[in-house]
Amino acid sequence: MLVAGNWKMHTDIDAARALARDVVDSVGDPGDVTVVVCPPFVSLSAVAAEIAGTPVGLGAQNMHAQDAGAFTGEVSAPMLTSAGCRYVILGHSERRQFFGETDEGVCAKIGQAHAHGLVPIVCVGETLEERKAGKAEEVVGRQLAHSLRGAAPGSPDRLAIAYEPVWAIGTGETATPDQAQEMHAFIRVRLNEQFGPQTARALHILYGGSVKPGNAAELFGQTDVDGGLIGGASLKGEDFAAIARAG
Ligand code: 13P
């Protein structure tokens, strides 16, 4: 199980430090669950210092596909590793929706993440219109095919997929456990075709979209749900820890 908190554009440096401490204290010993927090870029170093020597890992929310260069406002993989990151969220629907992120761009970033030893958490998911039109699997299948083209994680712990139906993000509307399981099983089949059964079985497929302490256990209880990518509920240490405990 992998449970990651996506803090999005929340918390200044002091608040991030305090939240990281709260997460560490609330999570305690997470057992078999890998717990990761993904604060904004400016807080990565402060959070890294706060979680040093604890079981909580560090991730970023995005990165550029090149090592360095004239790319004003961007942050590279070597910068993230130097800040203490092991994980990076790529292709989040908010990046696709508001910042023009494409599957091809995500694909380049996945290769770059792997080249620098980062574990990409690759987000896929359909909109409500796409689901209503019966195109959810087609959309997610295409996102997977294009963004994972050429991906070579090496071992299953070097890649995670997050299924985040856009209609469930920040809306309070969660996919039902059946809906989540159905899509996760479909994703597993696609991963199987690309990476073979051993890797596909072991890769973490996370569910994201209005996961709360009250619904986490049922979602995580589904055969192909291997954890969660948590937005709003990751901003409270105790809620996030309760979700991690459900893993
Ligand atoms: P919420 O948990 O706030 O719905 O956000 C999910 C998400 O986008 C995590 O990346």
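This one's a predicted model, so the numbers in the text were calculated from it and none came from an experiment.
- Within a 6.0 Å radius of CD in Q194, more than 12 heavy atoms belonging to other residues, nucleotides or ligands are found.
- With rounding to the nearest 0.5 Å, the separation of CD1 in I121 from CD1 in I110 is 12.0 Å.
- For the pair E101 and R96, the salt-bridge criterion is not met [side-chain N within less than 4.0 Å of a carboxylate O].
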Could you go through the side chain to side chain contact (heavy atoms under 4.5 Å, CB included) check for F186 and L191 one step at a time?
CA-CA 9 Å; F186 168 77; L191 295 174; over 6 Å; no
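- Follow the hydrophobic side-chain contacts under 4.5 Å out from I89 and you never reach V47; the two are in separate clusters.
- Separating the SG atom in C123 from the CD1 atom in I161 is a distance of 9.0 Å, to the nearest 0.5 Å.
- Residues forming a side-chain contact (heavy atoms from CB on, under 4.5 Å) with A152 (at least two apart in sequence, or on another chain): none.
- A distance of 13.5 Å separates CD in Q143 from SG in C107, rounded to the nearest 0.5 Å.
- Residues F41 and V119 do not share a hydrophobic cluster, clusters being chains of Ile/Leu/Val/Met/Phe/Trp/Tyr side chains in contact below 4.5 Å.
- Annotation: side chain of S234 is not in contact with side chain of V37 (no heavy-atom distance under 4.5 Å).
- Considering all non-hydrogen atoms of both residues, G125 and V166 come closest at O-CG2, 4.1 Å.
- In summary, the side chains of H92 and Q61 do not present any donor paired with an acceptor at a separation below 3.5 Å, with no hydrogens or angles considered.
- For D157 against R86, the heavy-atom pair with the smallest separation is O-NH2, 4.0 Å.
- Two residues are said to be in side-chain contact when any heavy atoms from C-beta on lie closer than 4.5 Å; F240 and D22 fail this criterion.
- Comment: K135 does not engage E130 in a salt bridge, judged by the lack of any side-chain N to carboxylate O separation of less than 4.0 angstrom.
- The same ILVMFWY cluster, assembled from side-chain heavy atoms under 4.5 Å apart, contains both L90 and M79.
- Looking at L219 and V211, their side chains come closer than 4.5 Å, going by heavy atoms from C-beta outward.
- A donor and an acceptor atom, one from each side chain of T176 and D178, are nowhere located under 3.5 Å apart.
- Between the side chain of T199 and the backbone N or O of G196 there is no donor-acceptor pair closer than 3.5 Å.
- In this structure a side-chain-to-backbone donor-acceptor pair under 3.5 Å is missing from N192 to A200.
- Salt bridge absent: R17 and D12 never bring a charged side-chain N and a carboxylate O closer than 4.0 Å.
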Side chain to side chain contact (heavy atoms under 4.5 Å, CB included) between L2 and V35: does it pass, once the steps are laid out?
CA-CA 6 Å; L2 169 62; V35 177; over 6 Å; no
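- H184 and Y163 have perpendicular rings, their planes meeting at more than 60° on a 0 to 90° scale where under 30° would count as parallel.
- Atoms CD1 and CD, from I169 and E173 in turn, are 12.0 Å apart once rounded to the nearest 0.5 Å.
- The distance from atom CD of Q198 to atom CG of L203, rounded to the nearest 0.5 Å, is 11.5 Å.
- Looking at Q112 and D67, their side chains do bring a donor and an acceptor atom within 3.5 Å of each other.
- Residues M183 and V140 meet the side-chain proximity criterion, which asks for heavy atoms closer than 4.5 Å.
- Summarising the geometry of A83 relative to S45, their closest heavy-atom pair is CB-OG, 4.2 Å, with the distance given to 0.1 Å.
- Minimum heavy-atom separation, A180 to Y207: CB-CD1, 4.1 Å.
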Candidate pair L118 and R158, rule side chain to side chain contact (heavy atoms under 4.5 Å, CB included), full reasoning
CA-CA 7 Å; L118 286 162; R158 298 201 55 225; over 6 Å; no
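- Using a 4.5 Å cut-off between side-chain heavy atoms of Ile, Leu, Val, Met, Phe, Trp and Tyr, with links allowed through other members, V3 and W7 fall into the same hydrophobic cluster.
- Using a 4.5 Å cut-off on side-chain heavy atoms (C-beta onward), D239 and I230 make no contact.
- Between the side chain of S210 and the main chain of A168, a donor-acceptor pair closer than 3.5 Å is present.
- With hydrogens and angles disregarded, no donor-acceptor distance shorter than 3.5 Å links the side chain of S43 to the backbone of A46.
- Two residues are said to be in side-chain contact when any heavy atoms from C-beta on lie closer than 4.5 Å; D226 and R188 meet this criterion.
- Donor-acceptor pairing under 3.5 Å is recorded for the side chains of E126 and W167.
- Taken from CD in E238 to OG in S26, the straight-line distance is 4.5 Å, to the nearest 0.5 Å.
- Ion pair R142/E137 not flagged as a salt bridge, since none of the NZ, NE, NH1 or NH2 atoms sits closer than 4.0 Å to an Asp/Glu carboxylate oxygen.
- Inter-residue side-chain proximity for L58 and V36 is flagged as unmet; no heavy-atom pair is nearer than 4.5 Å.
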Passes side chain to side chain contact (heavy atoms under 4.5 Å, CB included), R245 versus V33? Steps please.
CA-CA 8 Å; R245 275 194 294 276; V33 180; over 6 Å; no
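- Hydrophobic clustering, with ILVMFWY side chains joined whenever heavy atoms are under 4.5 angstrom apart, keeps Y87 apart from L235.
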Do Q181 and D224 pass the side-chain hydrogen bond (donor to acceptor under 3.5 Å, both in side chains) test, and can you show the C-alpha distance, the side-chain angles, and the key distance before you say yes or no?
CA-CA 6 Å; Q181 168 55 28; D224 289 297; 2.7 Å; yes
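- Heavy atoms only, all atoms of each residue included: A20 and I51 are closest at CB-CG2, 4.1 Å.
- Nearest approach of P153 to F195, heavy atoms of both residues: CD-CE2, 3.5 Å.
- With a 4.5 Å cut-off on side-chain heavy atoms, N62 and F99 do not count as touching.
- Atom NZ of K236 has 12 or fewer heavy atoms from other residues, nucleotides or ligands within 6.0 Å.
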